[in-house]
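This report concerns only the one structure given below.
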Protein chains: 4
Amino acid sequence: MSPRPDVSEERKEQIIDAATHVFARSGYAKARMDDIAKETGVSKGTLYWYFKNKDAILLAILDNLLDRELAAIRKLEQQPGSAREQLLATIDITITDLKKMEPLTPLMFEFFSLAKRHKLIQKAIKEYFRKYMEVLNSIIQRGMDQGEFKPGNPQDVSIAIGAILEGTFLLRVYDSKIVKLEEHIRSSVDLLLDGLLV
Amino acid sequence: MSPRPDVSEERKEQIIDAATHVFARSGYAKARMDDIAKETGVSKGTLYWYFKNKDAILLAILDNLLDRELAAIRKLEQQPGSAREQLLATIDITITDLKKMEPLTPLMFEFFSLAKRHKLIQKAIKEYFRKYMEVLNSIIQRGMDQGEFKPGNPQDVSIAIGAILEGTFLLRVYDSKIVKLEEHIRSSVDLLLDGLLV
Amino acid sequence: MSPRPDVSEERKEQIIDAATHVFARSGYAKARMDDIAKETGVSKGTLYWYFKNKDAILLAILDNLLDRELAAIRKLEQQPGSAREQLLATIDITITDLKKMEPLTPLMFEFFSLAKRHKLIQKAIKEYFRKYMEVLNSIIQRGMDQGEFKPGNPQDVSIAIGAILEGTFLLRVYDSKIVKLEEHIRSSVDLLLDGLLV
Amino acid sequence: MSPRPDVSEERKEQIIDAATHVFARSGYAKARMDDIAKETGVSKGTLYWYFKNKDAILLAILDNLLDRELAAIRKLEQQPGSAREQLLATIDITITDLKKMEPLTPLMFEFFSLAKRHKLIQKAIKEYFRKYMEVLNSIIQRGMDQGEFKPGNPQDVSIAIGAILEGTFLLRVYDSKIVKLEEHIRSSVDLLLDGLLV
DNA sequence: TATGAATGAGTTTTCATTCAT
DNA sequence: AATGAATGAAAACTCATTCAT
């Protein structure tokens, strides 16, 4: 109802941005509220005006990250072109996303690590995954229906693609000299398409 | 020869085993030395008799895990059969390994999360990755040399397979109902092989 | 000017005062931060708000004590009268100081004990000593120049006087029944002056 | 009864010697039983075979030190010569002793620091002091009786001398470059004798 | 809204002491 | 006599959270 988003939202975002970097840099446990306050440029007390506690900031970060990615995905949904073209466009967008995420890698893995114990995190990423799979599934399904792809279980293909995307992101952690995010996602997807295309 | 069998190594392993479960359950930060002591069935002081500090226990766990995996990999090195058969055998072994790792998933991601800040962790997993890649590369190379696989860059293929393995392990965290470790690794690798085999 | 008077300095002094007594009573090692907190009437956390650690409190105490003594010494510097009178005035002031220090005797010796290992303590007391010697030296020098004292090395006399002052303070520890701080400093200095005065 | 002191005594002395250095180096609180064990060349458990606990070692060190000094003092008691000569001989012996003590300075001050809280330490040093005073008193008394020294209270003179001895030892802690143990004890005692001698 | 001083529960780590061998 | 693994009490220190201003 308010014509302009009040300052509160803006301040909240500042905190989320700052905290994202602090958590990525130091890890959730090692990051101190003082660090986040300093990085945001406010006092420690202010953090508690906008967020219930440290955990709530973490959750807000996750929601924020997933929202951004989902926004990108939604852009795909009504793209024109062949299934192959649409699939590659999806990969392109995801690569762009993952590249933006690179500096946040430690934080991403922290979310994965916490997922089992932290039901809200679990729920958030599961929901994100479901939406992402939906997009891939529908593209693959269409490709199969239209005879562009070999017939099979679309979900299996989606998961294979998802695994390549996330897996390459992960392999980078082992050795970022050897594993190049964009290059290797593309080469892996190409290999997959070699077998998939009719 | 020694009158009292040296119980040191055994005790160290007990601690490592216990700590592995505690860290996997609670996360490194939340896990208390008391928990590890209790789980091991010794006193807190004993932990410090065998390990310098909490961090040293974490490192020992990682070394332990990687040692076990490398031992499995080494078994592959002189396996007979076609490149395809050997590759599938490698996948089989890795699947078995990954299944054993399933309960430790949060701990694995914690290692990935820590890798950037923790040089010893970084070094350990990098070395592991190098050895794993060596095995895959040599199989793929042989397959290409012998005309079993299409020609190409073996390393790219290895990374695609590595991404599928680790990526599927990761996708499970999103939704373990949808993503089945063994089934989806196999179906993804099959897709890859469809394009790879001549 | 500031709306809330800065309570920081005051609070710091409260802690220093309390800690002085706790350290004198229990010794540095035996004194617990909890004791200091309780004696100050604040929580343990507050101690760490004002001081980095236990050691920093000890240092602050030393600076505080030496500052007070130096302030007393500075009063002497432009006193009128003969060299003998001025020397006795200096002794008087030092006696007054040492009497105030009596309850802190164990702490003083702790500083001396720590001096070799603790460079900041060493530096602080050395600087104090240098200033104290300067005052004595200049008085003795004047007395010699003006023919009031026998000629000689002023520094040797200053050290003799310093030794009597500190030495009497120390002998009290052996047996405070036998050694009376004021009485024996005076009698010892008198003996010295017997030989020194022309 | 046993003709030769059994090995126990010897081992005890080894521990005392080692512990003396460890305590002097690290201070009582910081010194670990492990350090003493290592320095002695035995295991930690062995220390407890010979001493009830850490405190008992400290006490044994003090007794040991005082015994050695008392032995030196006893040598003085029937020295020939004038009172002045005998006094200077006493000073000589004490200087020799104090020089030996120099490396133990931090430990000595630790004893002084502990004296108030630790009744056994207090008692030991008080007894030592009494004996030392007796020797000085009797020399001074004889000097006065025989007209070699000006009449006065012998105890006051003894305390002045004691203060010079201990005080010079202490001033060294302030600045060992400026204060030279032997040189300044001699010069200070000379100043005192200037006034004391008839 | 914003601040930052104050709190105190929580945790790692140390180390004197014990005791089975 | 001697060892050294094991214990657990003790203490320093951290830091999320609160709250008076």
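Naming convention: chains lettered A, B, ... in sequence-line order (proteins, then strands); numbering from 1 in each chain.
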Would you mind telling me which of [options] lies closest to the side-chain atoms of [X]?
| X | options | value |
| --- | --- | --- |
| A:Ser43 | F:dA6, E:dA6, E:dG4 | E:dG4 |
| C:Val42 | F:dT3, E:dT12, E:dT7 | E:dT7 |
| D:Arg11 | F:dA16, F:dA2, F:dA1 | F:dA2 |

Distance in angstrom units between [X] [atom1] and [N] [atom2], rounded:
| X | N | atom1 | atom2 | value |
| --- | --- | --- | --- | --- |
| B:Met33 | F:dA12 | CE | P | 20 Å |
| A:Leu47 | F:dC19 | CG | P | 17 Å |
| C:Asp34 | E:dG10 | CG | P | 15 Å |
| C:Lys30 | F:dA12 | NZ | C1' | 17 Å |
| A:Lys38 | E:dA2 | NZ | P | 19 Å |
| D:Ile36 | E:dA16 | CD1 | P | 8 Å |
| D:Arg32 | E:dT17 | CZ | P | 14 Å |
| D:Asp55 | E:dT17 | CG | P | 8 Å |

Checklist line | Pair D:Phe112 + C:Phe112: ring centers closer than 6.0 Å | finding: no

Next item on the list: Report yes if at least one side-chain N or O of A:Tyr48 is closer than 4.0 Å to OP1 or OP2 of F:dT17; otherwise report no.
Entry: yes

Notebook entry, point to check: Within less than 4.0 Å of OP1 or OP2 of E:dA5, is there a side-chain N or O belonging to C:Ser8?
Noted result: no

Run the side-chain contact (heavy atoms from CB on, under 4.5 Å) test against [X] and tell me which residues pass, sequence neighbours left out.
| X | result |
| --- | --- |
| B:Lys12 | B:Glu9, B:Tyr50, B:Phe51 |
| C:Glu13 | none |
| D:Asn64 | D:Ile16, D:Arg68 |
| D:Asp63 | D:Ala124 |

Notebook entry, point to check: Under a 3.5 Å cutoff on both atom distances, Watson-Crick or G-U, what's the dot-bracket for DNA chain F ([ ] crossing, | other strand)?
Noted result: .||||||||||||||||||||

Check: Does the pair C:Asp35/C:Arg32 count as a salt bridge with the N-to-O cut at 4.0 Å?
Finding: yes

Note to self: Taking the basic N atoms (NZ, or NE/NH1/NH2) and the acidic carboxylate oxygens, is any pair closer than 4.0 Å for D:Arg25 and D:Glu39?
What the structure shows: yes

Margin query: Students often get this wrong, so: under 4.0 angstrom with heavy atoms, is B:Ala37 touching a base, only sugar-phosphate, or nothing?
Written below: nothing

Next item on the list: Just call it for D:Lys44: base, sugar-phosphate, or nothing, with non-hydrogen atoms closer than 4.0 Å on any strand.
Entry: base

Next item on the list: Select from D:Lys54 and C:Thr46 the residue whose nearest nucleotide in DNA chain E is closer to the 5' end of that strand.
Entry: C:Thr46

Note to self: For B:Tyr28 and C:Trp49, find the nucleotide of DNA chain E closest to each by heavy atoms; which residue's nucleotide sits nearer the 5' end?
What the structure shows: C:Trp49

Next item on the list: Find which nucleotide of DNA chain F each of B:Gly45 and A:Asn53 is nearest to by heavy atoms, and output the residue with the more 5' nucleotide.
Entry: B:Gly45

Notebook entry, point to check: Closest nucleotide of DNA chain F for C:Ala29 versus for B:Tyr50: which of these residues is on the 5' side?
Noted result: B:Tyr50

Item checked: Test ring-ring contact (aromatic ring centres under 6.0 Å, His included) applied to C:Phe111 - qualifying residues, sequence neighbours left out -> none

